Protein chains: 2
Amino acid sequence: MADHLHFRDAAAVVGTSQPALSSAVAALEEALGTQLVERTTRRVLLTPAGERVARHARRVLDALDDLVDEAESARRPFTGPLHLGVIPTVAPYVLPTLLRLVRDEYRELDLYVHEEQTHSLLDGLAAGRLDLLLLALPAGVPGVDEIPVYDEDFTLVVPEGHPLAGCQGVPRAQLRDMDILLLDEGHCLRDQALDVCREVGAAEAGATRAASLPTLVQLVAGGLGATLLPETAIGVETRPGSRLAVARFTDPAPYRRIGLVLRASTGRAAEFSQLAESLRQSIADLPVRVVRG
Amino acid sequence: MADHLHFRDAAAVVGTSQPALSSAVAALEEALGTQLVERTTRRVLLTPAGERVARHARRVLDALDDLVDEAESARRPFTGPLHLGVIPTVAPYVLPTLLRLVRDEYRELDLYVHEEQTHSLLDGLAAGRLDLLLLALPAGVPGVDEIPVYDEDFTLVVPEGHPLAGCQGVPRAQLRDMDILLLDEGHCLRDQALDVCREVGAAEAGATRAASLPTLVQLVAGGLGATLLPETAIGVETRPGSRLAVARFTDPAPYRRIGLVLRASTGRAAEFSQLAESLRQSIADLPVRVVRG
DNA sequence: ACGTTTGATAGGGAGTAGTTATCAGTACCC
DNA sequence: GGGTACTGATAACTACTCCCTATCAAACGT
């Protein structure tokens with residue numbers, strides 16, 4: 001309208017009829033309480049107020065276009081921010097792979113990694129602070145969906161020179177005769193190891209608990225006892241010179257399942273499923289068993 | 001909605017019902033093709049896309065507020081731009097008064113003065129380039145309204161020492177015996193003076209025409225003839241030392257009517273009428289007869 | 001297991017907004 | 001000067017949208 005200064009032409013451009021536009025402009029003037037256009041049967045002019053309103057209207061429309069563009073781009077999956085929560089006993093060993101994956105295949109994904117314990121992650125997921133979690137399954141809370149990614153065995157870690165060092169077929173019952181060191185309360189790995197111990201009637205060694213896996217292995221290296229580590233941690237934590245040795249359990253070894261957790265209501269389920277599959281393919285070099293479905 | 005994360009609360013704030021808001025959000029999502037909020041029967045969360053859309057929506061609303069504010073301020077008369085066209089034979093003598101008036105009483109008025117000849121002003125008015133004109137009435141074109149402001153007599157200007165110098169009752173017929181100098185074509189003052197001359201059968205002196213009033217009086221001072229000047233110009237153009245003298249015509253003297261001209265469709269008629277009245281009061285010190293209505 | 005609270009859905013009614021047809025005024029052209 | 005064509009406004013009618021009340025189904029907390 002402001003461009004054409006002609007009701008019929010402008011109406012045609014907008015795809016409506018001249019009376020409709022006419023009354024629309026009249027309604028706008030009524031609403032604003034200001035005359036916007038000067039009408040003659042021969043000429044249409046914008047009043048100064050009309051000029052300014054038209055300028056502002058263009059700004060409004062621009063902002064609307066931006067909004068639509070934003071929505072348009074948001075419709076593409078694997079773009080925009082993704083807040084991923086990862087438990088501390090998984091993060092150090094899987095993140096390198098995951099970050100490389102995102103960098104190579106999901107360039108437009110803004111990945112924010114939050115390393116917290118399971119309960120905190122689940123709270124964050126429910127509150128909307130986090131979008132996706134990578135932790136040990138099952139999460140055991142309602143309202144979430146789980147996508148398994150891989151299983152990893154637990155491995156026995158002992159001090160260098162320990163009788164079991166390098167042993168490939170340790171029966172779980174052997175744990176009863178050992179001092180088992182565990183992580184602090186709150187780490188799910190602690191509970192998982194405890195489960196294994198309880199299963200065979202083994203007990204935690206005294207009150208010594210570690211705040212992190214590196215600390216834990218230091219305790220083991222110091223000869224205070226043995227511990228259970230997930231396979232993915234072995235390569236990093238028991239490197240040569242660490243004064244540690246590993247021992248495998250008899251098949252089937254105890255294991256934990258690691259997977260993605262998302263809100264059941266998320267609407268990005270398909271996207272996350274695909275992400276899970278990409279992750280499975282990326283961790284082929286880790287000592288884990290990929291799990292689908 | 002983005003603020004409350006709760007359909008019922010948000011609906012209450014907006015002043016509508018929960019189903020209405022629910023379907024509105026659904027419709028928006030449909031239109032944008034993107035999920036904006038995650039709904040649980042227990043919790044409402046914005047998706048990343050929803051966050052961004054909400055941010056953009058706020059910008060849209062801000063722009064709309066600006067628009068409304070703009071209209072609001074535009075509703076106040078005597079604010080914003082006013083493009084005033086003035087003829088050259090009026091501008092130098094009335095503008096000082098007018099500008100002082102605007103500066104003192106209409107501080108928020110952005111006055112732009114355009115000094116052009118009548119036909120150009122009328123074109124500009126019709127085209128919307130100008131909002132208001134100050135010129136000699138009648139304009140003689142359709143579609144415009146006229147507001148008379150004042151009448152000013154024509155005064156005879158002669159060289160110093162001329163037989164009529166200082167004479168207070170010169171009959172118009174006297175013009176027949178004089179060399180009358182006039183402005184260039186296009187100046188309405190030329191036509192007005194010509195009318196006076198024709199009335200009594202007087203003729204223009206040769207081909208000598210001036211482009212401006214100052215030039216014209218220089219010609220008179222140089223002894224090339226006499227001319228007719230509007231009263232408002234006398235004080236400025238025939239100051240002491242200008243080697244000019246004036247003579248008044250017998251009552252009733254020839255005169256011209258000066259007034260405002262606006263588009264009949266303008267919608268600012270009331271504003272301009274008030275401006276005219278202010279102008280009338282401001283020019284009390286000029287040698288004119290104020291005219292109302 | 002039950003009650004409360006949440007968002008979604010169904011159905012009906014009112015108001016808006018669009019359509020076509022027509023009017024009235026103006027400029028242009030012969 | 002008169003006719004013509006084109007302008008925006010108006011009228012009457014229609015259709016649709018939007019909103020409301022009432023109700024439902026699911027999920028959390030007790």
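Naming: A, B, ... by sequence-line order, numbering from 1 per chain. This structure is a prediction, so every number in the text was calculated from the model and none was measured.
Using five terminal pairs a side, the axes of the helix from C:dA1-D:dT30 to C:dC30-D:dG1 at its two ends make an angle of 30°, given in steps of 10 degrees.
Side chain to side chain, B:Thr34 and A:Arg76 fail the donor-acceptor criterion of an N or O pair below 3.5 Å. Between B:Thr89 and B:Arg256, the side chains place a donor N or O and an acceptor N or O closer than 3.5 Å (distance only, hydrogens not considered). In the model, A:Ser265 has a side-chain atom that pairs as donor or acceptor with a side-chain atom of B:Glu38 under 3.5 Å.
No donor-acceptor pair closer than 3.5 Å links the side chain of A:Ser22 to the backbone N or O of A:Gln18. Using a distance-only test at 3.5 Å, with no hydrogens or angles considered, a donor-acceptor pair links the side chain of B:Arg263 to the main chain of B:Leu130. At least one donor-acceptor pair under 3.5 Å links the side chain of B:Glu146 to the backbone N or O of B:Ala139. Checked by atom type and distance alone, the side chain of A:Thr79 never pairs as donor or acceptor with a backbone atom of A:Leu109 at under 3.5 Å.
We find that CZ of A:Arg8 is positioned 10 Å from P of D:dC6, with the value rounded to whole Å. D:dT17 atom P lies 13 Å from atom CD of B:Glu30, rounded to whole Å. Remark: P of D:dC6 and NE2 of A:His4 are 18 Å apart, rounded to the nearest angstrom. Taking atom CG on A:Leu45 and atom P on D:dG8, their separation rounds to 11 Å, with Å as the unit.
With respect to A:Asp151 and A:Arg257, a salt bridge is recorded, a charged nitrogen being found less than 4.0 Å from a carboxylate O. The pair A:Arg190-A:Glu204 meets the salt-bridge criterion, with a side-chain N (NZ, NE, NH1 or NH2) lying under 4.0 Å from an Asp/Glu carboxylate O.
In B:Tyr255, the OH atom is not crowded: 12 or fewer heavy atoms of neighbouring residues, nucleotides or ligands sit closer than 6.0 Å.
Of the residues in residues 16-26 of chain A, those lying under 4.0 Å from DNA chain D by heavy-atom distance are A:Gln18, A:Pro19, A:Ser22. Against DNA chain D, the stretch residues 122-132 of chain A makes no heavy-atom approach under 4.0 Å.
Between A:Thr40 and B:His6, the residue whose closest nucleotide on DNA chain C is further toward the 5' end is B:His6.
Chain B approaches DNA chain C over the interval C:dT5 to C:dA27, counting the first and last nucleotide 5' to 3' with an atom under 4.0 Å from its heavy atoms.
A:Glu271 meets the side chain to side chain contact (heavy atoms under 4.5 Å, CB included) test with A:Pro77, A:Phe78, A:Arg268; sequence neighbours excluded. Not counting sequence neighbours, the partners of B:His114 by the ring-ring contact (aromatic ring centres under 6.0 Å, His included) test are B:His83.
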**OP:** Decide yes or no on side-chain contact (heavy atoms from CB on, under 4.5 Å) for B:Leu125 and B:Leu132, but give the supporting numbers first.
**Re:** CA-CA 7 Å; B:Leu125 186 71; B:Leu132 187 62; 5.7 Å; no
